[in-house]
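Each residue takes its place number in the sequence, starting with 1. In each ligand, atom 1 is the first atom listed, and ligand 1 is the first ligand listed.
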Amino acid sequence: MKLYSAAPSPFVRKVRILVMETGLSDRVEEVDAHITPINPSPSLNDANPIGKIPALATGDGMTLFDSRVICEYLDTQHQGAKMFPQDGAARWTALRRQALADGILDAGVNTRYETFLRPEEQRWPEWIDGQKGKIRRGVDALEAEVESFGDTVDIGTISAACALGYLDFRFPGDNWRDGHPKLAAWFEAFSARPSMQATVPPAG
Ligand code: 99T
């Protein structure tokens, strides 16, 4: 399988962590696709018409996107502990946590593009504030429920860890740990996992 990938992407990181946690590393080859909305890649666009990473060519003629679909597909490709609980409350809890973390990430990536890619004179402070509000409320919600995470390693907690890692990577000055001590402690412990260590986004 071929994963269109770039190390700074937190959505790619979700997939890479799931691959490592489920023992699929030997079956997934990474292809560099460093893109932005203003610097697309024709070969990626052929694979994913939306032009975003991650995308996964499964090797049988199908290309999957986005990270949620790729992760759920890969979870069917191994015999170990499942990262997507099959049913019941555990499933909806994990999917909801993934949606919460992905929402933080969408707002984070929107903010990154607005403050980094968009020409300075065209930036829109109110819009940035709106995105930052989504991030703040999302992190507050994670703090409120983090005690229920326990030792769980599934798509919900992997996504939460990727969201917090992205805030550290792109917005270190925002100090998300302030006012979120339980979440900070959980993140520190979860970050010790080899899959987390191996996927820390590169500086720069
Ligand atoms: O929007 C674009 O054209 C290119 N952006 C992306 O491909 C980003 C890279 S994160 N990927 C997504 O937004 C994927 C979201 C999708 N819902 C999923 O896969 O779950 C780059 C962040 C950074 O460099 O700071």
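Counting heavy atoms closer than 4.0 Å to ligand 1, residue F169 contributes nothing at all. Residue Y166 touches ligand 1 through its side chain alone, judged by heavy-atom distances below 4.0 Å. In R112, the part holding a heavy atom less than 4.0 Å from any atom of ligand 1 is the side chain. Contacts of K14 with ligand 1, taken as heavy-atom pairs under 4.0 Å, are absent altogether.
Remark: ligand 1 and D106 share no N or O pair separated by less than 3.5 Å (distance only, no angle test). The shortest N or O to N or O distance between I53 and ligand 1 is below 3.5 Å. On a distance-only criterion, D102 and ligand 1 share no N/O pair closer than 3.5 Å.
Geometrically, R170 does not engage Y166 in a cation-pi contact defined by less than 6.0 Å to the ring centre and at most 45° from the axis.
Side-chain contact annotation: T152 with D154, donor-acceptor N/O pair under 3.5 Å absent.
Ion pairing of D168 with R177 is present here, as a side-chain N (NZ or NE/NH1/NH2) and a carboxylate O approach within less than 4.0 Å.
Of all protein heavy atoms, the one lying nearest to atom 17 (N) of ligand 1 is D66 OD2, 2.9 Å.
I50 and L64 sit in two unconnected hydrophobic clusters of ILVMFWY residues. Membership requires side-chain heavy atoms under 4.5 Å apart, directly or through other members.
Between D102 and S67, the shortest heavy-atom contact is OD2-OG, 4.2 Å.
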Assess whether side-chain hydrogen bond (donor to acceptor under 3.5 Å, both in side chains) is satisfied between R68 and Q98, documenting all intermediate values.
CA-CA 8 Å; R68 289 166 274 220; Q98 175 177 225; 5.6 Å; no
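Proximity to R68 (heavy-atom distance under 4.0 Å) selects the following atoms of ligand 1: 17 (N).
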